[in-house]
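What follows is a single structure, written as structure tokens, with notes after it.
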Amino acid sequence: MRKLDACARWEIAIIGAALPRPRFATLRGMNANPFSGELAGRRIVLGLTGGAACFKAAELCRLLVKSGATVQVVMTEAACQFITPVAMQALSGQPVYTSQWDARPDNNMAHINLSRAADAIVVAPASADFIAQLAQGRAAELLPLLCLARPAERVPLLLAPSMNREMWAHPATQRNVVQALRDGTQVLGVAWGEQACGETGDGRMLEAPELLEELIAVFAPKALAGQRVLITAGPTFEAIDPVRGITNRSSGKMGFAIARAAREAGAEVTLVAGPVSLPTPRGVERIDVVSALNMREAVMGCAQDAHIFIATAAVADWRPAQEAEHKIKKDGSGEVPRMDFVENPDILAEVAHGARAQAGELFCVGFAAESENLQANAQAKRARKGVPLLVANIGPATFGRDDNALLLVDDEGVTELPHASKRVLAQQLVDEIARRVSGWSA
Ligand code: CTP
């Protein structure tokens, strides 16, 4: 379990242009490729420099193309030692550029043409030498040259460093990374782990799907910039004895999708997650909990600093009054054990009735998983919980699935978010919340 005081750190730097996000409300292929269509119409320059991680760039190229992007690969001389331009051309479907003296462009200015045509440039892998060149504004090859020539206010530059742990830790590299950050470059990673050289430590390039997630985030409008968002997700588990407990069918998928969308929208996100095995969205602070009491403790610790609280968790209403110290055994008499329950605290109601929410400093959003009379139950629940916005859905129709439909109930009335993937619904909900928060006070 993560330390609860981790949520006190709200220091995630959000770098990246606030460009319009393409909408892809298609349900087709929703399960086949989670990123399908997310980069439709985007033109990405994928730069490769010398490093063993070039093989991951091949996978990244494929993922970018599958996400709908047009990918223009540019390789340094060193990169060509690790992977061939032929392979990258086959994967990207575009001729690869390797030289600033490439005579194909009519004007013979590949660095200008490529940087002007790009919506973003991602260099993966970015070697120590390449980062040093960037930091010093040197441009001995086409790739650093086009990075230098890019219109920085319009074309974000993302680096995915990859190098040996000693090279990464070297003060010169660290100085260069800081300089690159100061110059408006976004640095993704690095990861810790086993390296191609056989050593273990920091310096591994992020995996291709992680880089894709970061690139998609760059293009999202920053509707929640400066907001700290606290989210609960998943079920809780109320122990009966050391091996049994009471839980429910919540998968946590909606809450995790909202956490990702909120982070993409520029928020600093803390996700308090019940027992689920979903991967943590990139850039999100996660606190794992088990029971409703654990969840309450985590939430109360973080609610002091949050601006928005979104309670998607399916919290158990009751827990066994006593957790048996040892497994409850059958004694052969056929007698069924009796169990007393106590009510769990209502986390959302407690936060919503707290001083910060009442003072208009914390905007609370509740969820309602109903099985019938959606609108009427949602309106009643909204009043009972004391939240400005309640999001209702049919629980049995959505638990564990990748799609859903939502009904938003607030002072404005009822807003329907029709059937779509949870990814799309999460983006729409974040937009709806951002709109309400910007004009909201208690
Ligand atoms: N909730 C909470 N703490 C609880 C119970 C619910 O924070 N102990 C939150 C949920 O995260 C959700 C909202 O309250 O945002 C509604 O949860 P739901 O289970 O639908 O409603 P209940 O309050 O449990 O009411 P009922 O079971 O009677 O429908």
Side-chain angles (χ1 to χ4, degrees), residues 7 229-239 245-259 262 269-276 278 287-303 306 308-321 341-354 356-357 362-400 404-410 417 422 425-426 429-430 432-433 436:
C7 64
V229 177
L230 174 62
I231 300 170
T232 62
T236 63
F237 180 90
E238 312 298 329
I246 297 169
T247 187
N248 60 66
R249 292 171 56 212
S250 168
S251 66
K253 286 180 180 174
M254 193 69 226
F256 275 62
I258 294 169
V269 181
T270 300
L271 177 61
V272 179
V276 293
L278 297 172
I287 302 170
D288 283 321
V289 297
V290 176
S291 68
L293 290 179
N294 296 154
M295 186 172 276
R296 180 192 169 276
E297 191 188 351
V299 166
M300 293 309 160
C302 298
I308 299 169
F309 175 47
I310 308 172
T312 73
V315 184
D317 289 323
W318 304 280
R319 66 179 183 278
F341 289 92
V342 289
E343 195 168 330
N344 272 325
D346 189 322
I347 303 166
L348 175 62
E350 191 174 340
V351 173
H353 288 103
R356 293 197 61 239
L362 176 62
F363 184 83
C364 293
V365 182
F367 263 67
E370 304 295 341
S371 61
E372 56 170 356
N373 300 332
L374 195 55
Q375 190 168 327
N377 278 331
Q379 272 156 339
K381 199 166 278 184
R382 175 175 173 250
R384 187 152 48 84
K385 302 273 178 177
V387 292
L389 176 62
L390 192 115
V391 182
N393 61 167
I394 297 288
T398 181
F399 283 155
N404 198 359
L406 302 177
L407 202 67
L408 277 52
V409 179
D410 69 354
L417 300 184
K422 287 183 176 172
L425 288 171
L429 181 61
V430 160
E432 294 281 348
I433 292 171
R436 284 165 175 81

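Because the structure is predicted, anything quoted here is derived from the model rather than measured. All heavy atoms count here, side chains included; hydrogens, waters and symmetry mates do not. All ligand and atom numbering here is 1-based and tracks the order in the structure.
Contact annotation: A313 has at least one heavy atom less than 4.0 Å from an atom of ligand 1. Residue A368 places a heavy atom under 4.0 Å from ligand 1.
Of the polar atoms of P345, at least one N or O is found under 3.5 Å from an N or O of ligand 1, judged by distance alone. For the pair I347 and ligand 1, the shortest N or O to N or O distance falls below 3.5 Å. Backbone and side-chain nitrogen or oxygen atoms of V365 are examined, and none is located within less than 3.5 angstrom of a nitrogen or oxygen of ligand 1. Between T232 and ligand 1, a contact under 3.5 Å exists for no N or O pair.
Looking only at distances, no side-chain donor or acceptor of T236 sits under 3.5 Å from a matching main-chain atom of G274. The backbone N or O of A306 sits less than 3.5 Å from a side-chain atom of R356, completing a donor-acceptor pair. At least one donor-acceptor pair closer than 3.5 Å links the side chain of N248 to the backbone N or O of A314.
Taking 4.5 Å as the limit, some side-chain heavy atom of F363 sits within range of a side-chain heavy atom of L389. Looking at I394 and E372, their side chains never come closer than 4.5 Å, going by heavy atoms from C-beta outward.
Contacts between A369 and ligand 1 below 4.0 angstrom, taking non-hydrogen atoms only, involve the backbone exclusively.
Protein heavy atom at the shortest distance from atom 19 (O) of ligand 1 is K381 NZ, 4.6 Å. Of the protein's non-hydrogen atoms, L348 N, 2.8 Å is the one closest to atom 7 (O) of ligand 1. Closest protein heavy atom to atom 12 (C) of ligand 1: F367 O, 2.9 Å. When only non-hydrogen protein atoms are considered, atom 4 (C) of ligand 1 lies nearest to V315 CB, 3.5 Å. Protein heavy atom closest to atom 15 (O) of ligand 1, with residue, atom name and distance, is A311 O, 2.6 Å. Regarding atom 14 (O) of ligand 1, its nearest protein heavy-atom neighbour is K385 NZ, 2.9 Å. Scanning the protein heavy atoms around atom 27 (O) of ligand 1, the nearest turns out to be D317 OD2, 3.2 Å. For atom 28 (O) of ligand 1, the nearest protein heavy atom (residue, atom name, distance) is R384 NH2, 4.3 Å.
Between K381 and E370 there is a salt bridge, with a side-chain nitrogen of the basic residue lying less than 4.0 Å from a carboxylate oxygen of the acidic one. For R436 and D410, the salt-bridge test passes: some basic side-chain N is under 4.0 Å from an acidic carboxylate O.
For the side chain to side chain contact (heavy atoms under 4.5 Å, CB included) test with M254, the passing option among L425, V391, N393 is L425; the others fail.
Remark: ligand 1 atoms within the under-4.0 Å shell around heavy atoms of G366 are 15 (O).
Of the protein's heavy atoms, at least one falls inside 4.0 Å of atom 25 (O) of ligand 1.
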